[in-house]
Amino acid sequence: MFVCICRAVTVDEVHQHVDDGAFTADAIGERCGAGEGCGTCIDKLNAILGERMSTTSAA
C-alpha cells in the first residue's frame, strides 16, 4: 500500500526507513522524498511513526 503517491513510497519502505533510524516525517522525507510533494501523506507518516514508537515503548 502506498503512503506517498507523489513519490510512490510504500508502507514497507517507510518501516524500513524507521528501522534504519528515520524517526521523524522529515527524516523519512530526506531518505525517500515522502512528504515533499503535495504533503498529504505527512499525517500517514506521523501515524506510522506513532504506532512504531508506541510499540517500541511497550516492548
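Sequence positions, counted from 1, serve as the residue numbers for this chain. All values below come from the heavy atoms of this structure, side chains included, with hydrogens, waters and symmetry mates left out.
- Across all their heavy atoms, G21 and R31 have their closest contact at C-NH2, 3.8 Å.
- In this structure, the side chains of H17 and C32 come closer than 4.5 Å at one or more pairs of heavy atoms.
- When all heavy atoms are compared, the tightest approach of R52 to H15 is NH1-ND1, 3.0 Å.
- Between A25 and L49, the shortest heavy-atom distance links the atoms N-CD1, 3.4 Å.
- Linking ILVMFWY side-chain heavy atoms closer than 4.5 Å, directly or via other members, places L45 and V11 in a single hydrophobic cluster.
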- Task: Determine, stepwise, if the pair V14 / V9 fulfils side chain to side chain contact (heavy atoms under 4.5 Å, CB included).
- Result: CA-CA 7 Å; V14 172; V9 178; 3.8 Å; yes
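- In terms of heavy atoms, C4 sits closest to G35 at SG-N, 4.0 Å.
- Although no hydrogens or angles enter the test, the distance criterion places no donor-acceptor pair under 3.5 Å between the side chain of E51 and the main chain of I48.
- Once rounded to the nearest 0.5 Å, the distance linking CZ of F2 with CD of E13 reads 8.0 Å.
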- Message: For T24 and N46: C-alpha separation, side-chain torsions, deciding distance, then whether side chain to side chain contact (heavy atoms under 4.5 Å, CB included) applies.
- Response: CA-CA 7 Å; T24 66; N46 286 323; over 6 Å; no
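- Here the closest heavy-atom approach between residue M53 and residue F23 is recorded as CE-CD2, 3.6 Å.
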- Message: Evaluate D20 against Q16 for side-chain hydrogen bond (donor to acceptor under 3.5 Å, both in side chains), listing each step before the verdict.
- Response: CA-CA 6 Å; D20 292 340; Q16 185 60 52; 3.1 Å; yes
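- G37 and C6 make their closest contact through CA-SG, 4.2 Å (heavy atoms, listed as atom of the first residue, atom of the second, distance).
- Between the CE atom of M1 and the NZ atom of K44 there is a distance of 7.5 Å, given to the nearest 0.5 Å.
- Between T10 and V3 the shortest side-chain heavy-atom distance does not fall below 4.5 Å.
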